[in-house]
Student: 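Quick one: structure below, then a few questions.
We use all heavy atoms of the structure for the numbers below, so side chains are in, but hydrogens, waters and symmetry mates are not.
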Amino acid sequence: QVQLVESGGGLVQPGGSLRLSCATSGSIFSIAYMAWYRQAPGKQRVMVASITSAGRISYVDSVKGRFTISRDNAKNTVWLQMNSLKPEDTAVYYCFAGRDSGYWGQGTQVTVSS
């Protein structure tokens with residue numbers, strides 16, 4: 001089983017930045033793709049960023065130019081750098097790993113408020 005441990009969430013003012021981390025068990029080379037999802041209250045959980053084992057990256061339109069997903073294979077960690085945060089970015093953020101099956105992190109709360 002793939003274990004995902006997320007950290008880095010918190011309260012930040014609009015325009016601020018946060019960096020989320022997703023630490024995985026074992027080598028992430030064995031994981032076909034990883035992604036960050038978010039779920040706001042009353043909303044469907046949606047993918048905001050993903051990165052494949054081949055290095056292909058995608059973002060939802062609303063975060064393009066502000067969020068950056070990256071991978072550190074030596075540390076078995078996937079990051080989500082979030083800049084220029086907006087109140088509408090407020091959500092629980094989840095790490096997802098896809099291999100033979102899908103695995104979810106526990107989620108970390110991101111709140112953007114003045």
Student: Out of curiosity, R38 CZ to Q109 CD, how far, rounded to the nearest 0.5 Å?
Tutor: 12.0 Å

Student: Establish whether V60 and F67 are linked, either directly or via other cluster members, by ILVMFWY side-chain heavy-atom contacts under 4.5 Å.
Tutor: yes

Student: Considering residues at least two apart in sequence or located in another chain, which fulfil the salt bridge (charged side-chain N to carboxylate O under 4.0 Å, His left out) criterion with D61?
Tutor: K64

Student: Can you check whether S70 reaches V78 side chain to side chain, under 4.5 Å on heavy atoms?
Tutor: no

Student: Taking atom types as modelled and ignoring hydrogens, do the side chains of N83 and S17 form a donor-acceptor contact shorter than 3.5 angstrom?
Tutor: yes

Student: For the OH atom of Y59 and the CD1 atom of I51, what is their distance to the nearest 0.5 Å?
Tutor: 7.5 Å

Student: Are S50 and S58 close enough that a side-chain donor and a side-chain acceptor fall under 3.5 Å?
Tutor: yes

Student: About how many Å separate CG of L4 and CG of N76, when rounded to the nearest 0.5 Å?
Tutor: 11.5 Å

Student: Less than 3.5 Å apart, any donor N or O on the side chain of S7 or S21 sitting next to an acceptor on the other?
Tutor: yes

Student: If only atom types and distance count, is the side chain of T68 paired as donor or acceptor with the main-chain N or O of Q81 below 3.5 Å?
Tutor: no

Student: Treating T90 as the side-chain partner and E88 as the backbone partner, does any N or O pair qualify as donor plus acceptor under 3.5 Å?
Tutor: no

Student: Look at atom CZ of R19 and say whether more than 12 heavy atoms of other residues, nucleotides or ligands are closer to it than 6.0 Å.
Tutor: no

Student: Could you tell me whether the side chain of S113 reaches within less than 4.5 Å of the side chain of P87, counting heavy atoms only?
Tutor: no

Student: Ignoring hydrogens and angles, tell me if any N or O in the side chain of Q106 forms a donor-acceptor pair with the backbone of E6 under 3.5 Å.
Tutor: yes

Student: Could you please spell out the steps behind the side-chain contact (heavy atoms from CB on, under 4.5 Å) verdict for T111 and V12?
Tutor: CA-CA 6 Å; T111 302; V12 65; over 6 Å; no

Student: side-chain contact (heavy atoms from CB on, under 4.5 Å), that's the test. Do M82 and D89 meet it? Break it down for me.
Tutor: CA-CA 9 Å; M82 305 186 295; D89 295 318; over 6 Å; no

Student: Which distance, rounded to the nearest 0.5 Å, do you find between the CG of L80 and the CD1 of I69?
Tutor: 6.5 Å

Student: Which pair of non-hydrogen atoms, one from Q44 and one from Q39, has the smallest distance, and what is that distance?
Tutor: C-CG, 4.2 Å

Student: Pairs in or reaching into residues 68-102: which pass ring pair (Phe, Tyr, Trp, His ring centres under 6.0 Å), with residues at least two apart or in two chains?
Tutor: Y33-F96, Y37-F96, F96-W104

Student: With rounding to the nearest 0.5 angstrom, report the OH to SG distance, Y103 to C22.
Tutor: 13.5 Å

Student: Are W36 and I57 connected into the same hydrophobic cluster when the rule is that any two of I, L, V, M, F, W, Y join if their side-chain heavy atoms are below 4.5 Å apart?
Tutor: yes

Student: I'd like to check the side chain to side chain contact (heavy atoms under 4.5 Å, CB included) partners of V5; sequence neighbours left out, ordered by chain and number.
Tutor: Q3

Student: Would you check if M34 and C95 make a side-chain contact, meaning some heavy-atom pair closer than 4.5 Å?
Tutor: yes

Student: Can you tell me how far the CG atom of L20 sits from the OG1 atom of T77, to the nearest 0.5 Å?
Tutor: 12.5 Å

Student: Hey, does the side chain of R71 reach the backbone of T52 with a donor-acceptor pair shorter than 3.5 angstrom?
Tutor: yes

Student: Do you reckon M47 sits in the same ILVMFWY cluster as V92, going by side-chain contacts under 4.5 Å, direct or chained?
Tutor: yes

Student: Can a donor-acceptor pair be found, under 3.5 Å and without considering hydrogens, that links the side chain of T108 to the backbone of G9?
Tutor: yes

